[in-house]
Number of protein chains: 2
Amino acid sequence: MELSFEDKDLFVCCGSAKFARKMASAGPFRSYADAVSAARDIWFNQVDVNAWLEAFSAHPAIGQTASPAQSKNNTSAQWSKGEQSTALATASGSILQELSEWNVLYRQKFGFVFLICASGRTSSEILVELKNRYQNRPIVEFQVAAEEQMKITELRLAKLLSGKDHASSASDD
Amino acid sequence: MELSFEDKDLFVCCGSAKFARKMASAGPFRSYADAVSAARDIWFNQVDVNAWLEAFSAHPAIGQTASPAQSKNNTSAQWSKGEQSTALATASGSILQELSEWNVLYRQKFGFVFLICASGRTSSEILVELKNRYQNRPIVEFQVAAEEQMKITELRLAKLLSGKDHASSASDD
């Protein structure tokens, strides 16, 4: 088995152009595990902090549908909605309101969107996590957000590899 | 004794508008030590990573005279030259050439200028430090650079408090 990815598909997994370029060059990979291992090395050791901020900006606020940077990126917006499906199904109006208010506070403090691998988490769990992480020092939270981005990237790489999602990704472009 | 600072003087110490604003509001201070303590808290706990990047961009590359952001900021450029006086006095042409090449590599890897509290350091010492720090992971180096920025800020706060430099700072504006 040989896995190789194109820049544009990788950019949907992680919205940093530098990450996508380096990851595309690093392939082909022998397995999903090899691809994830390369992705982790590129993300944590090779791309700079501006690349992290660029990737964060590609995400909508939790509870919203798409970030400005995502308006041209249908696959990412669609996947983001899927990843938040548990949260959205369990959200009451008051929880959504509180999430929205804390998202604003979070962005004011840290300068980027609150990022969490939402897959399988309820909206209440996400709200608790948001309130906890709000207490962090900015540089600590920057690293926590980068870890969450990596979890999202791993999930999305797996989706790319599943034929159906890969096909739908291609047809979105 | 009561020390208070204006935004514009603080901005010369640390080129982040958010830092300068918060520090101006935090005063007046009873001593230099109190001012430094407040500055450390604001820099490390209150301003976000974008503020760090903004402050870094106010520095010239080591061995150069002024950054683009500094062209309107004569006091900072002048102080930067003073802080590098040992380095400049000890620099041979080949060391300056090597520093310049490593500065380029550093910026390519980390996405911001190589920042070091140059006061009292020779150009060879700075070059060794640059090569060592180039090995760091980007997030680690981001924090090292922020520590160096804080050392520079402390030196410059002290300069602000010395009447002569304070007067010359005011007359530059």
Side-chain angles (χ1 to χ4, degrees), chain A residues 14-23 25 37-59 61 69 102-115 130 133-150 153, chain B residues 14-23 25 37-57 59 61 69 102-115 130 132-150 153:
Chain A
C14 174
S16 147
K18 203 180 256 182
F19 170 86
R21 203 169 52 243
K22 282 180 182 277
M23 184 69 187
S25 308
S37 168
R40 291 190 66 85
D41 180 52
I42 291 167
W43 180 245
F44 290 113
N45 302 326
Q46 297 184 40
V47 302
D48 65 30
V49 293
N50 299 298
W52 284 11
L53 290 169
E54 186 197 4
F56 297 172
S57 74
H59 291 275
W102 277 90
N103 270 322
V104 171
L105 291 174
Y106 181 97
R107 179 182 278 282
Q108 280 169 352
K109 176 168 180 184
F110 298 112
F112 49 81
V113 71
F114 173 67
L115 201 60
L130 171 43
R133 283 172 48 187
Y134 182 78
Q135 308 303 322
N136 283 339
R137 285 174 53 214
I139 187 63
V140 170
E141 182 55 23
F142 192 43
Q143 293 169 86
V144 172
E147 291 281 355
E148 292 299 311
Q149 170 64 60
M150 190 65 229
T153 305
Chain B
C14 175
S16 147
K18 201 180 257 181
F19 170 86
R21 203 169 54 242
K22 283 180 181 275
M23 184 71 187
S25 309
S37 168
R40 291 190 65 85
D41 180 51
I42 291 167
W43 180 245
F44 290 114
N45 302 326
Q46 297 184 42
V47 303
D48 65 29
V49 294
N50 298 299
W52 285 10
L53 290 170
E54 186 196 4
F56 296 172
S57 74
H59 292 275
W102 277 89
N103 271 322
V104 171
L105 291 174
Y106 181 98
R107 181 182 277 283
Q108 279 169 352
K109 176 168 180 184
F110 298 112
F112 49 81
V113 71
F114 173 68
L115 202 59
L130 172 42
N132 280 341
R133 283 171 47 187
Y134 182 78
Q135 307 304 322
N136 283 339
R137 284 175 53 214
I139 186 65
V140 170
E141 182 54 25
F142 191 43
Q143 293 169 86
V144 172
E147 291 281 354
E148 293 298 312
Q149 170 64 61
M150 190 64 228
T153 304

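Chain naming here is simple, since letters A, B, ... match the order of the sequence lines and numbering starts at 1 in each. Model, not experiment: these values are computed from the prediction. Quick note: numbers below take in every heavy atom, side chains included, and nothing from hydrogens, waters or symmetry partners.
For a heavy-atom cut-off of 4.5 Å, chain B lies close to Gln108(A), Lys109(A), Phe110(A) in residues 102-110 of chain A. Contacts with chain B (heavy atom to heavy atom, under 4.5 Å) involve these residues of residues 135-143 of chain A, listed by number: Arg137(A), Pro138(A), Ile139(A), Phe142(A), Gln143(A).
Considering only heavy-atom pairs separated by less than 4.5 Å from chain A, the leading option among Asn50(B), Val49(B), Val47(B) is Val49(B).
Shown here are the side-chain hydrogen bond (donor to acceptor under 3.5 Å, both in side chains) partners of Lys18(B), two or more places apart in sequence or in another chain: Asp48(B). Residues passing the side chain to side chain contact (heavy atoms under 4.5 Å, CB included) test with Gln46(B) are Lys22(B), Asp41(B), Ile42(B), sequence neighbours excluded.
Both the backbone and the side chain of Asn45(A) come within contact range of chain B, judged by heavy atoms closer than 4.5 Å.
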